[in-house]
Amino acid sequence: MLDAGFFTRHPVDCARDLIGMELVRGRCAGRIVETEAYAAVGDEAAHTHFRPSAREFVTRHRAGAAYVYFNYGMYWLAHVLVKGETDGFVLLRALEPVRGVPAMQKRRNREDIRHLCSGPGKLTIALAIDGSHHGASFVSARRHPFHFRVPESPVDPAAIVADERIGISRAKGLPWRFSLRGNACVSVRPRPSA
DNA sequence: AAGAAGATCAAT
DNA sequence: TTGATCTTCTTG
């Protein structure tokens with residue numbers, strides 16, 4: 001499994017390198033096909049820019065901690081805390097289901113594999129991740145609710161696309177969203193250019 | 001005490 | 001394109 005060292009680099013590097021890794025949650029697992037990077041300082045789109053509680057989270061937790069946020073009154077979004085020369089977060093935006101598909105279908109109340117984890121709010125439902133996991137670790141060896149696994153066959157770096165982050169109103173234009181080219185489980189098809 | 005904004009999703 | 005739904009933070 002990935003250890004804390006993976007998350008002590010720049011958030012953008014962490015976000016890019018997570019593409020292709022597997023997120024394992026109990027008997028379920030999915031291949032990460034979409035992420036976004038946020039920087040704790042100097043990024044107006046990051047929670048740390050306008051939420052004191054997010055800044056406190058960064059100071060109180062270690063690299064690899066789960067930052068789980070309740071969005072739009074309806075959905076939990078899961079991020080990994082990055083702490084190094086540049087602190088920040090990686091938002092987990094989409095997975096390609098790999099294992100435990102029936103359980104995901106039941107939690108999502110959907111059949112189509114492509115719709116189970118194709119968005120940050122969907123994947124937390126499919127994997128039963130919620131506010132009770134806020135502060136839990138993705139990288140602790142014992143008693144972890146979830147972790148990252150290096151895949152048997154790594155993705156071709158040339159298949160990773162960088163483009164603009166989704167759903168934000170500030171700091172648009174940075175190519176800090178990463179996705180796997182042509183993958184059916186990516187939430188929003190990347191825009192040309194960028 | 002009240003209001004606004006927000007890293008979404010599914011149905012129309 | 002719109003409605004659902006609620007936490008955090010700011011303002012009065």
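Reminder, nothing fancy here: chain letters follow the sequence lines and each chain counts from 1.
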### Task
Considering just the side-chain nitrogens and oxygens of A:Arg177, establish if one lies under 4.0 Å of OP1 or OP2 belonging to B:dA7.
no
### Task
Compare side-chain N and O positions of A:Arg51 against OP1 and OP2 of B:dA7 and report whether any pair is under 4.0 Å apart.
no
### Query
Salt-bridged, A:Arg110 to A:Asp112, with N to O below 4.0 Å?
no
### Task
To the nearest Å, give me how far apart NE2 (A:His49) and P (B:dA5) are.
16 Å
### Query
Considering only side-chain heavy atoms of A:Arg110, which listed nucleotide, B:dA10, B:dA7, C:dC9, is closest?
B:dA10
### Basic-acidic side-chain contact under 4.0 Å: A:Arg177, A:Asp163
yes
### Message
Applying a 4.0 Å non-hydrogen cut-off, can you work out what A:Arg165 is touching in the nucleic acid: base, sugar-phosphate, or nothing?
### Response
nothing
### Message
Could you check whether any side-chain heavy atom of A:Leu23 comes within less than 4.5 Å of a side-chain heavy atom of A:Phe148, counting everything from C-beta outward?
### Response
yes
### Query
What's the NE2-C1' distance between A:His134 and C:dT7, to the nearest Å?
12 Å
### Query
Taking for each residue the nucleotide of DNA chain B with the nearest heavy atom, is it A:Gly119 or A:Ser169 whose nucleotide lies nearer the 5' end?
A:Ser169
### Task
Nearest whole angstrom, please: distance from the C1' of B:dA11 to the CG of A:Asp112.
16 Å
### Query
Are any of the side-chain nitrogens in A:Asp43 or A:Arg170 under 4.0 Å away from the carboxylate oxygens of its partner?
no
### Query
To the nearest angstrom, how far is A:Leu116 atom CG from B:dC9 atom P?
13 Å
### Task
Please list residues of residues 60-92 of chain A whose heavy atoms come under 4.0 Å from any atom in DNA chain C, ordered by number; otherwise none.
A:Phe70, A:Tyr72, A:Gly73, A:Met74
### Contiguous Watson-Crick or G-U pair runs (3 or more, under 3.5 Å) in DNA chain C
B:1-6 with C:6-11, B:8-11 with C:1-4
### Query
For the rings on A:Tyr67 and A:Phe138, is their centre-to-centre separation under 6.0 Å?
no
### Query
Separation of A:Asp130 atom CG from C:dC6 atom C1', in whole Å?
15 Å
### Message
Does the plane of the ring in A:Phe89 sit parallel, tilted or perpendicular to the ring in A:His79? Use 30° and 60° as the thresholds.
### Response
perpendicular
### Task
In whole angstrom, give the distance that lies between atom NZ of A:Lys122 and atom C1' of B:dA7.
15 Å
### Message
With a 6.0 Å cut-off on the ring centroids, do A:His47 and A:Tyr38 count as close?
### Response
no
### Task
Mind calculating the distance between CG (A:Asp163) and P (B:dA7) to the nearest angstrom?
17 Å
### Query
Within a strict 4.5 Å, meaning less than it, do heavy atoms of the A:Arg25 and A:His133 side chains meet?
yes
### Query
Would a 4.5 Å heavy-atom cut-off, applied to side chains only, mark A:Val33 and A:Ile19 as touching?
no
### Query
Rounded to whole angstroms, how far apart are CD on A:Glu34 and C1' on B:dC9?
14 Å
### Message
When the P atoms of B:dA7 and C:dT10 are compared, how many Å lie between them, rounded to an integer?
### Response
14 Å
